[in-house]
> 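Mind having a look at this structure? Questions to follow.
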Amino acid sequence: MLTPARDLVATAFADALARAAKERGWNGTEGADVDVEVPKSPAHGDYATSVAMRLAKTVRRPPREIADAIAAKVDTKPPIAKVEVAGGGFINVRLDDAWLREQVNAIIASGEDYGRSERLKGQKIQIEFVSANPTGPLTVANARGGPLGDALANVIAFAGAAVQREYYVEDSSTQVKRFGISVAVRYRQLFGEEIELPADGYQGDYVKEIAAQIKERHGARYRDLGLEEQGKAFAPMAIDWSIADAQRVTGKLGIRYDAWFKQSSFIENGYLDETIEVLRKRGVIAERDGVVFFETPEAAALRRDETEEGWVLLDKADDPPAKYLATDIAYHRLCFEKRGVGLKLNVWGANTQYHLQQMKIAMPILGIDPSRLEVVLYQYVHFIKEGVLTRIGRRTGQYLLLEDVLDAVGADVTRFFMLQRGADSPLEFDFELAVQQSNDNPVYYVQYAHARIASIFRTAGERGINADGADVQLLAAPAERELIRLVQKLPELLREIVEHRGVHLLTVYALELAGAFHGFYRDHRVVDDANVPLSKARLRLVRAVQVALRQTLRLIGVNAPDSM
RNA sequence: GCCCCCGUAGCUCAGUGGAUAGAGCGCAGGCCUCCGAAGCCUGAAGCAGCGGUUCGAGUCCGCUCGGGGGUACCA
């Protein structure tokens with residue numbers, strides 16, 4: 001496994017600081033945060049630290065003096081070529097060119113493992129994403145969680161964690177009851193009965209489809225039941241239909257879940273009731289008029305006004321008793337206590353932020369460290385189709401199906417588009433742009449770079465040039481150095497994503513790397529019969545770019561085509 | 001009212017508390033006898049406002065204004 005250059009530099013700085021501190025008798029520098037950043041301006045070298053400025057107060061010396069003292073102690077041997085103090089006390093480092101070029105060979109040698117680490121080794125992390133209500137087909141409203149969760153899972157797994165991809169199926173909710181009733185109404189209509197959907201029913205045509213399937217399979221078998229009974233009978237079939245749809249569509253997106261976990265499973269085996277009992281013992285339950293409330297000072301603090309009574313855990317008046325908040329508390333408890341999940345990372349839509357607060361309050365009461373629950377909240381996607389915003393829920397019957405989008409633009413484009421923005425930012429998905437196979441489409445821009453590299457190797461093969469015995473030290477051009485630095489950045493980026501969950505940075509990086517490559521390509525001939533040694537070296541460089549590009553695309557789940 | 005997210009170029013958005021804030025689209029102009037022009041190069045243009053913390057703030061804190069979401073029997 002390659003040690004990222006940044007880590008090597010960080011170690012060098014830390015050592016230098018320790019030696020300088022010892023020599024000068026500085027106190028309080030032991031646990032100092034030796035930050036290493038990449039300066040914006042190339043004039044400031046490859047890496048820099050501002051540790052001298054941070055330490056000025058503790059050490060009670062001017063930053064420049066501290067910086068000079070540390071800089072003098074940094075070993076200027078590969079990978080470090082030059083150390084310089086600049087500005088108000090920055091220590092800048094320039095990497096050794098020969099060492100840097102040699103990295104090209106190291107990167108190619110790590111191949112498929114380039115960027116892999118063991119940072120999260122030994123951790124079991126569950127990533128729950130999409131988890132749409134099983135009351136109909138997946139729509140674009142559910143779409144963002146898929147690429148986000150899957151790419152995050154890829155990156156975290158690549159950092160050594162045991163990852164479990166989880167789809168939580170809430171098959172016992174009030175919505176499911178309404179869904180069953182809606183199917184029953186459509187079923188009755190198929191027999192010519194004059195009956196209208198209830199106001200809270202599901203309007204979508206798929207409900208008719210499900211009813212028709214039931215009629216086809218079971219004929220009039222359910223005709224004589226009452227509407228409620230029919231609803232109960234049809235709900236499981238309707239849920240199966242929804243799960244099958246979700247499996248097919250997420251499959252089209254290239255996502256494979258490890259578990260499709262049903263809410264009903266822990267209701268049936270008594271775990272839910274047991275959890276409620278635990279809450280009761282903890283003294284956070286109050287019961288009034290058949291309604292069971294969850295009451296803690298933290299919950300009370302979030303009340304809207306005095307008239308509100310509290311969070312409803314369950315309501316015995318409903319049939320079956322509706323479980324509401326209780327099911328989710330039990331579900332999370334189950335993951336931590338019974339399923340061995342160390343960290344549960346939920347990728348949820350922005351509308352669940354209140355729900356998140358509830359879980360954060362509930363977990364400690366069950367003796368679970370709330371930091372084991374983390375949520376990536378993503379803002380909504382504004383779907384622009386023919387200039388019109390489409391973001392309408394399923395119940396109304398007007399919606400844009402995720403599958404239709406996938407069929408129209410493909411999984412690659414869908415995934416890339418969904419990952420182009422930070423989860424905190426709303427995302428605009430321009431349908432017309434996504435369909436375009438043109439230079440306006442950033443996915444093709446990146447894929448084109450990869451295809452171009454493949455084409456270079458084809459050309460080289462035709463002319464009988466390969467990279468055997470290449471001398472990478474011939475890669476002396478500034479654009480070549482820049483490319484190597486960019487390729488080298490990937491492992492550092494992956495670490496950042498593991499720490500901050502900003503998985504969208506991979507698309508940003510892919511575009512940056514592709515752009516640098518395109519620029520290099522224009523000005524530097526790779527396959528050149530007149531200069532075979534240089535051609536060999538450049539084939540190596542281009543191969544390293546390909547490794548990084550392919551790796552990046554693989555992690556976000558986008559194909560890296562050899563031609564297009 | 002309260003809670004969460006956002007406000008950066010004409011538009012859509014990047015930007016782990018560091019030095020001169022970036023990209024794409026759009027606009028203006030240029031580049032294929034030469035490895036893929038789905039490409040490249042040049043140009044104009046920006047941190048909503050006011051305070052605070054800090055050696056240093058687009059980034060952290062507070063308030064104001066503006067936009068999105070939620071507000072607990074949907075989960």
Side-chain angles (χ1 to χ4, degrees), chain A residues 35 37-41 43-44 48-50 53-54 56-57 62-63 86-90 92 131 133 135 168 170 173-176 178 200 263 291 294 299 302-305 308-315 317-318 322-325 327-328 348-358 377-380 382 395 420-428 430 433 436-445 447-449 451-460 462-463 465 495-496 499-500 502 504-505 507-508 511-512 514-515 518-519 521-528 535 538 542 563-564:
Chain A
D35 62 303
E37 63 191 70
V38 178
K40 281 176 190 144
S41 164
H44 299 132
T49 182
S50 61
M53 280 117 95
R54 294 167 196 279
K57 197 171 274 178
F90 287 101
N92 298 330
S131 298
N133 256 324
T135 54
Y168 179 43
E170 293 174 288
S173 66
T174 313
Q175 290 302 327
V176 165
R178 289 177 187 155
D200 59 5
Q263 189 177 59
V291 179
F294 177 85
L302 290 175
R303 279 190 209 177
R304 180 165 43 181
D305 55 51
E308 284 188 355
E309 295 199 272
W311 293 344
V312 175
L313 268 178
L314 63 97
D315 187 342
D318 286 359
K323 299 302 193 298
Y324 310 114
L325 184 56
T327 43
D328 272 332
W348 282 348
N351 59 331
T352 62
Q353 52 97 354
Y354 194 82
H355 189 218
L356 166 61
Q357 296 183 54
Q358 293 180 318
L377 275 188
Y378 61 86
Q379 299 297 309
Y380 283 127
H382 296 190
R395 290 246 308 271
Q420 271 198 98
R421 310 293 178 223
D424 283 344
S425 294
L427 179 81
E428 198 163 291
D430 186 332
L433 175 61
Q436 269 181 54
Q437 303 199 359
S438 76
N439 48 353
D440 290 346
N441 192 326
V443 187
Y444 293 103
Y445 180 83
Q447 291 185 322
Y448 184 70
R452 213 176 206 184
I453 290 170
S455 169
I456 290 171
F457 282 103
R458 285 193 293 270
T459 303
E462 284 160 18
R463 302 201 194 162
I465 298 176
R495 177 172 66 189
E496 203 178 310
E499 284 168 5
H500 301 102
H504 70 287
L505 293 175
T507 56
V508 175
L511 287 164
E512 195 182 358
H518 285 312
Y521 176 87
R522 172 195 157 91
D523 299 326
H524 303 85
R525 171 153 285 272
V526 177
V527 181
D528 185 358
S535 296
R538 285 181 173 164
V542 165
S563 67
M564 50 195 287

> Distance check needed: rA75(B) C1' versus F294(A) CZ, whole Å only.
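That distance rounds to 16 Å.
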> When the P atoms of rG15(B) and rC60(B) are considered, how many whole Å apart are they?
12 Å
> If the P atom of rU64(B) is compared with that of rC11(B), how far apart are they to the nearest Å?
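The same atom, P, in both gives a distance of 26 Å.
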> Between S563(A) and rG36(B), is there a side-chain N or O to OP1/OP2 distance below 4.0 Å?
no
> Can you tell me how far P in rU42(B) sits from the matching atom in rC55(B), rounded to whole Å?
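Pairwise P distance, rU42(B) against rC55(B), rounds to 40 Å.
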> Which pair of heavy atoms, one from S563(A) and one from A451(A), lies closest together, and at what distance?
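For S563(A) versus A451(A), the nearest heavy atoms are CA-CB, 4.0 Å.
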> Rounded to the nearest Å, what distance is computed from the CG atom of residue D200(A) to the P atom of nucleotide rC73(B)?
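Taking atom P of rC73(B) as the reference, CG of D200(A) is at 15 Å.
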> Nearest-nucleotide wise, let me know which of D35(A) and D523(A) is further upstream toward the 5' end of RNA chain B.
D35(A)
> Considering non-hydrogen atoms only, spot the tightest contact between G349(A) and L377(A) and give its length.
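So the minimum-distance heavy-atom pair works out to O-CD2, 3.4 Å.
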> Please report the distance, rounded to the nearest Å, between NE2 in H518(A) and C1' in rA37(B).
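That distance rounds to 11 Å.
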> May I ask you to test the N351(A)-Y380(A) pair for a side-chain heavy-atom distance under 4.5 Å?
yes
> Would you kindly compare Q357(A) and A514(A) by the position of their nearest RNA chain B nucleotide and give the one closer to the 5′ end?
Q357(A)
> Taking only the P atom of each, what is the distance from rG70(B) to rA75(B) in whole angstrom?
16 Å
> Can you tell me if T49(A) uses its side chain to pair, donor with acceptor, with the backbone of D35(A) under 3.5 Å?
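Side chain of T49(A) to backbone of D35(A): a pair is present.
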> Could you please name the option among rG18(B), rG39(B), rA75(B) that lies closest to any side-chain atom of S50(A)?
rG18(B)
> What is the distance, rounded to the nearest whole Å, between atom NE2 of H44(A) and atom P of rA21(B)?
12 Å
> How would you label the contact of S535(A) with the nucleic acid (heavy atoms, under 4.0 Å): base, sugar-phosphate, or nothing?
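Here S535(A) touches no strand at all.
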> Answer yes or no as to whether rA19(B) has its base stacked against F90(A), where stacking requires a ring-centre separation under 5.5 angstrom and planes under 30 degrees apart.
yes
> Who pairs with F457(A) by ring pair (Phe, Tyr, Trp, His ring centres under 6.0 Å), at least two apart in sequence or on another chain?
none
> Where the side chain of A48(A) is concerned, which of rA19(B), rC35(B), rG69(B) is the nearest nucleotide?
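Of all the options, the side chain of A48(A) is nearest to rA19(B).
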> Which listed nucleotide (rC73(B), rU54(B), rA38(B)) is nearest to the side chain of K57(A)?
rU54(B)
> Between rC35(B), rA75(B), rC55(B), spot the one nearest the side chain of Y521(A), thanks.
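That would be rC35(B).
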> Taking the chi torsion of rC60(B), is it syn (within 90° of 0) or anti (everything else)?
anti
> Mind checking the C1' distance from rC47(B) to rC2(B)? Whole angstroms is fine.
29 Å
> Which pair of non-hydrogen atoms, one from V176(A) and one from E170(A), has the smallest distance, and what is that distance?
CG2-O, 3.5 Å
> Would you say the base of rC6(B) and the side-chain of Q379(A) have a donor-acceptor pair closer than 3.5 Å?
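Such a pair does not exist between side chain and base.
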> Show the numbers, then the answer: is there a side-chain hydrogen bond (donor to acceptor under 3.5 Å, both in side chains) between R54(A) and S50(A)?
CA-CA 7 Å; R54(A) 294 167 196 279; S50(A) 61; 3.3 Å; yes
> Which pair of non-hydrogen atoms, one from V312(A) and one from L325(A), has the smallest distance, and what is that distance?
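Distance-wise, the nearest heavy atoms are O-CB, 3.5 Å.
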> Generate the contact string for nucleotides 10-16 of chain B. Rules: B means base contact, S means sugar-phosphate contact only, - means no protein heavy atom under 4.0 Å.
--BSSSB
> In whole angstrom, what separates R522(A)'s CZ from rG36(B)'s C1'?
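It works out to 15 Å between those atoms.
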> Quick check: closest heavy atoms across P63(A) and G88(A), and the distance to 0.1 Å?
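Nearest heavy atoms, P63(A) then G88(A): CB-O, 3.3 Å.
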> Roughly how many Å apart are rC61(B) and rA57(B), using the P atom of each and rounding to a whole number?
15 Å
> Atom CZ of F457(A) to atom P of rC35(B): distance rounded to whole Å?
17 Å
> Just to be sure I understand the rule, does A451(A) reach a base, reach only the sugar-phosphate, or reach nothing, if contact means heavy atoms closer than 4.0 Å?
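The answer is base, as A451(A) lies within the cut-off (heavy atoms under 4.0 Å) of a base atom.
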> Within the 4.5 Å heavy-atom criterion, are H44(A) and F90(A) side-chain neighbours or not?
no
> Using the side-chain contact (heavy atoms from CB on, under 4.5 Å) rule, pick out the option among V542(A), I456(A), I453(A) that qualifies with Y521(A).
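Passing option: I456(A).
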> Taking any heavy-atom pair under 4.0 Å as a contact, classify S173(A): base, sugar-phosphate, or nothing.
sugar-phosphate
> Which dot-bracket string describes RNA chain B (Watson-Crick N1-N3 plus N6-O4 or O6-N4, or G-U N1-O2 and O6-N3, all under 3.5 Å; [ ] crossing; | other strand)?
(((((((..((((....[...)))).(((((.......)))))....(((((..]....))))))))))))....
> Could you state the atom-to-atom distance from OH of Y354(A) to C1' of rG70(B) in whole Å?
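After rounding, the reported distance stands at 10 Å.
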> Can you tell me how far P in rC31(B) sits from the matching atom in rU16(B), rounded to whole Å?
39 Å
> Tell me what R463(A) touches on the nucleic acid: a base, only sugar-phosphate, or nothing, going by heavy atoms under 4.0 Å.
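The answer is sugar-phosphate, as R463(A) gets under 4.0 Å only of primed atoms, P, OP1 or OP2.
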> What's the closest nucleotide to the side chain of Y448(A) if the choices are rG70(B), rA38(B), rA75(B)?
rA38(B)
> Starting at CD of Q353(A) and ending at C1' of rC3(B), how long is that distance when rounded to a whole Å?
5 Å
> Considering only atom C1', compute the distance from rA44(B) to rA28(B) and round it to an integer number of Å.
9 Å
> Is there side-chain contact between H355(A) and W348(A), with heavy atoms separated by less than 4.5 Å?
yes
